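Small disclaimer: the values here were computed from a predicted structure and weren't measured.
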Amino acid sequence: MKDPLETKYAALKDPGIRAFMIAGERFYPANAVSFTLTEQRDFYDLYCAHFRKPRPENIAAKDFAVGPVICRLYEPKPSKDLPVMIYLHGGGYMLGGLESHDDVCAEISARADIAVVGVNYRLAPEHPFPAAFDDAWAVLQHLSGQFDKIIVGGDSAGGNLSAALALKARDFGGPEIAGQVLIYPGLGGDITKGSYISQANAPGLATKDVLYYRDIYKGGSHKFAEPLRETNLAGLPPAFMVAAGLDPLHDDCGSYADKLRAAGVPAHVRHEPLLVHSFLRARHMSDPARESFA
């Protein structure tokens, strides 16, 4: 008898992404948002652990604290003066932490030859907006005196937090941010248009799930929760964005890039027509995901 998951994902053109989705759903069910918070977090932890890879051998990692916020610094060995990326993990503002994205942060550090700092920000719904954002802001301020060049970046909810950090740093006159890397970010786009309609039932993330996570976060219409609401993007750092084609959040990247360019800010969007939300975890299974990560 044929595996029903193979039938469900048969239309996905990349075999690596098909295998990724089939394997992932065995740990994190498609209807996960209908389960309790504890169950969702357990699903996610198992899901992340299944796809996690060992850190590259040349990467040293150590934990440190910024007040109550635990962070993890990744550096190539031997240690040297490097730019730093503050990496904010995805997970719908309510899932994940240092362990869920440990291998992603370590591989970015190794392959880009930079320092990376993962941030264990507070999670909703226990800590709604602006708790996660405030934690990320505290880490940015702390690191500004230690590194000459700071990049902010993250995937999904972490991409949202990164864009919001860039806005606040601009508004408050610093700390200076050299660039922002937003990987399939949710930036508060109009759910009645574009990819929110065409990809409403995309594999891995549906538009109804986006609404669920927005409600969990409780950021409302604040521009630090929905950066696309900002009307003046002048003075922001250059942006590199990755948009997954099979993702309701796809058009958020294009909308934000258009507004950045209109304000004179360099912005580049890498479109990935074959890839799904959360494809970073498929970077060792799928050729398009591997190329995008590279």
Side-chain angles (χ1 to χ4, degrees), residues 9 12 17 20-21 24-25 28-37 39-41 43-44 47-48 88-96 100-101 121 123-125 127-133 136 153-164 167 182-230 241-259 269 271-273 275-282:
Y9 295 114
L12 293 173
I17 290 297
F20 166 68
M21 292 303 302
E25 193 164 330
Y28 195 81
N31 63 336
V33 297
S34 65
F35 288 81
T36 68
L37 178 62
E39 288 172 319
Q40 289 185 63
R41 287 176 174 164
F43 291 150
Y44 191 72
Y47 168 79
C48 295
L88 300 161
H89 68 82
Y93 311 102
M94 56 178 286
L95 308 169
S100 67
H101 286 65
Y121 58 79
L123 300 177
H127 305 285
F129 177 83
F133 177 64
D155 62 291
S156 196
N160 170 290
L161 291 167
S162 299
L167 283 174
L182 315 180
I183 305 166
Y184 39 79
L187 301 174
D190 186 344
I191 63 162
T192 69
K193 297 179 180 179
S195 58
Y196 286 98
I197 302 300
S198 65
Q199 299 299 322
N201 296 304
L205 184 73
T207 297
K208 63 179 175 59
D209 300 327
V210 175
L211 291 172
Y212 172 84
Y213 294 128
R214 286 187 187 181
D215 184 62
I216 286 284
Y217 192 41
K218 300 194 182 306
S221 59
H222 199 292
K223 70 178 183 180
F224 293 157
E226 297 188 345
L228 275 168
R229 293 184 178 272
E230 174 61 277
M241 291 174 273
V242 183
L246 306 176
D247 182 355
L249 299 177
H250 174 275
D251 289 3
D252 279 21
C253 285
S255 298
Y256 204 56
D258 288 345
K259 295 182 77 169
V269 180
H271 295 280
E272 299 291 2
L275 297 182
V276 298
H277 195 80
S278 297
F279 76 76
L280 276 186
R281 298 193 189 282

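- Judged purely by atom type and a 3.5 angstrom limit, Lys218 has no side-chain atom pairing as donor or acceptor with the backbone of Ala124.
- Between Tyr47 and Tyr28, the ring planes are tilted. Angles from 30° to 60° get that label.
- Between the side chains of Asn160 and Tyr93, at least one donor N or O sits under 3.5 Å from an acceptor N or O.
- Relative orientation of the Phe133 and Phe129 rings is parallel, given thresholds of 30° and 60° on the angle between their planes.
- Leu249 approaches Tyr184 most closely through the heavy-atom pair CD1-O, 3.8 Å.
- Side chain of Asp209 to backbone of Ala206: a donor-acceptor contact under 3.5 angstrom is found.
- The closest side-chain heavy-atom distance from Pro203 to Tyr9 is below 4.5 Å.
- Looking only at side-chain heavy atoms (C-beta outward), Asp247 and Phe279 stay at 4.5 Å or farther from each other.
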Problem - Test side chain to side chain contact (heavy atoms under 4.5 Å, CB included) applied to Leu246 and Leu12, step by step - result: CA-CA 9 Å; Leu246 306 176; Leu12 293 173; 3.5 Å; yes
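- Contact check for Leu205 versus Pro248: side-chain heavy atoms found under the 4.5 Å cut-off.
- At a threshold of 4.5 Å between non-hydrogen side-chain atoms, the residues Tyr213 and Ser156 do not count as touching.
- Met241 places a side-chain heavy atom less than 4.5 Å from the side chain of Val269.
- At a threshold of 4.5 Å between non-hydrogen side-chain atoms, the residues Lys193 and Asp251 do not count as touching.
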